[in-house]
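Throughout, residue positions are numbered sequentially from 1 according to the sequence presented. Counting starts at 1 for both ligands and their atoms, in listed order.
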Amino acid sequence: MFKRQTLIAWLTLAAISLMPFSALAQTQIKYHSNKYSVQDDIKLGRQAAQEAESQFPLLRDETVRSYVENVGRRLVAGIPSEFQHPEFQYSFKVVNARDINAFALPGGPMYVNRGMIEAARTEGEMAGVMAHEISHVALRHGTAQASKGQKYSILGGIAGIAGTILGGPGVGQLAQAPFAVYLLKFSREYETEADILGAQIMAQAGYDPRDLANMFQTIERQGGGGGGFLSDHPSSSDRYARINREAQYLRVNNSGYRDTRDFARIQERLRGYGTAPTMAEIQRSGQRNPVGEQTGNENYPNNPPSGRVSYPSSRYQSVSIFNGGVNVSVPSNWRQVNEGSAVWFVPEGAYGQSNGQAVYTHGASFGVAQSNSRNLQSATQELVNNFAQGNNNLRTSGGYSRTSLDGRTALITTLTNTNEATGRPEIIRLITTQLRNGQLFYMVAVAPQNERGFESAFNQIMRSVRIND
Ligand SMILES: [Zn+2]
């Protein structure tokens, strides 16, 4: 495929030397007028990224992440110089979601769904979508669209509650625009530009630009309409043809050897994780996290937890979680870690990752789950079944007992498990109660079976819970 491309490129070059340049040259793209500064793009993207990471579970697999980042770096290096902003910080993370999608935020943060990597037939196809998204960023489409007074439309966010995340000095008028972190819907014109620049970036980075067009077909074949890339990026034969037409004028830069087996290895690795949840399932599993300074994502350790931890401090600090919906007191030597839609409070050494999954050995977590049942016991059973998915060692031990949480009827369920990181048996206590809107609020307390020192801390935390619904 690359050989044929090279031939076309040579023929094109030969033709260019014989014909008026403009007739056969690649399409020139220009910036749209933009009221915002490059710094605004960076600031907006940073806020949106924080929001995104509180809503989407990231795949904690350093091998996969660094692979995607390498592809991303290669593409970024292929951005034409007039669209390079040295201030932008392109970053690449993988979202553990099945939907075939990817999105990039102003100033550079990019998120690639695991489903996108799994669906692509080649690295080039995956790179195609990334190059398209990078092009929106490089062309500053987000703020350009806002400059025209058009809103960033909210495409459902993950929970339909993608909030207004803008504000603060320097952002100005944008602060009033509803802004979805999930996906920005751009005009047809912007989409075409991102396709064309994407194709140019692909060629410069050594990929066949037609793989961007091919990816549309791959997504279509997989029925990737609903919720996926195509719902925000309507495919059409026009579009496919337009990319391929542009590709004729592009010379693929073939310098640098790439091992195409890397992509197969990464897909193989992802298959080992079983099926990722869909965005809709992630949404149903709970409400989004608050965005706070204590978000653990930044400093989340790559290594498994040691399980060697200090005893809970006798001093407690009061913390507000779920946007003030819940207050709770936790030992002052524990820190907050936001994991997907749940909030954990853990001592140092008690959390880390194993096989790409977050693992905790000691600590308490809180979450809100959507339930099909108004009956507390069956709603709790649903949640336990959810937890048990992909967790073969999890067993309920004994039945439910009644307790109370902030004066409400609650159930306490005891589960046993083998800790994924340490291999030690552990006890998990699950306390559930219903919120006014019918959602299930839960607390999970986990500690190794033979460590008794945490019992009283868990009881004290449970007694401190105040729910403001
Ligand atoms: Zn697009």
Side-chain angles (χ1 to χ4, degrees), residues 27 29-32 34 41 44-45 48-49 52 71-72 75-76 78-80 83 88 90 92 95 99-113 115-117 119-120 124-148 150-157 162 179-202 205 207 209-220 224-244 246-247 279:
T27 309
I29 293 172
K30 294 198 178 70
Y31 285 112
H32 293 267
N34 198 318
D41 280 48
L44 288 168
V71 172
L75 293 168
V76 166
I79 300 173
F83 300 121
F88 281 8
Y90 289 92
F92 303 89
V95 176
D99 315 52
I100 305 175
N101 220 335
F103 64 98
L105 299 167
M110 178 185 284
Y111 299 87
V112 178
N113 276 9
M116 174 67 84
I117 308 170
E125 289 192 350
M126 178 189 83
V129 169
M130 292 172 70
H132 172 98
E133 292 298 324
I134 285 171
S135 300
H136 281 309
V137 174
L139 293 168
R140 304 186 56 217
H141 276 165
T143 43
Q145 187 146 309
S147 299
K148 289 198 290 190
Q150 289 170 5
K151 289 174 178 174
Y152 286 113
S153 56
I154 294 180
L155 293 180
F179 180 92
V181 300
Y182 182 23
L183 272 171
L184 314 175
K185 192 169 178 64
F186 293 118
S187 69
R188 201 54 182 250
E189 185 191 8
Y190 286 17
E191 287 303 330
T192 303
E193 288 174 0
D195 283 349
I196 291 169
L197 184 61
Q200 295 174 357
I201 289 172
M202 288 278 278
Y207 291 102
R210 290 169 301 183
D211 273 345
L212 170 52
N214 293 338
M215 187 64 192
F216 288 127
Q217 292 195 321
T218 295
I219 298 170
E220 253 168 3
F229 192 73
L230 288 188
S231 60
D232 318 294
H233 292 85
S235 177
S236 69
S237 46
D238 279 12
R239 199 164 176 194
Y240 182 84
R242 183 69 188 86
I243 294 168
N244 284 335
E246 188 69 20
M279 288 293 198

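Relative ring orientation between Phe103 and Tyr111 is described as parallel, the plane-to-plane angle staying below 30° on a 0-90° scale split at 30° and 60°. In this structure, His132 and His136 have perpendicular ring planes: the angle between them is above 60°, well past the 30° mark.
The backbone N or O of Thr27 lies less than 3.5 Å from a partner atom in the side chain of Glu246, making a donor-acceptor pair.
Distances from the Zn ion (ligand 1) to the N/O/S atoms of His132 are shortest for NE2. If you look at His136 and ask which of its N, O or S atoms sits nearest the Zn ion (ligand 1), the answer is NE2.
Between Arg242 and Asp195, none of the side-chain N atoms (NZ, or NE/NH1/NH2) sits under 4.0 Å from a carboxylate O, so this pair counts as no salt bridge.
Using a cut-off of 2.8 Å, one finds that Glu191 contributes an N/O/S atom close to the Zn ion (ligand 1).
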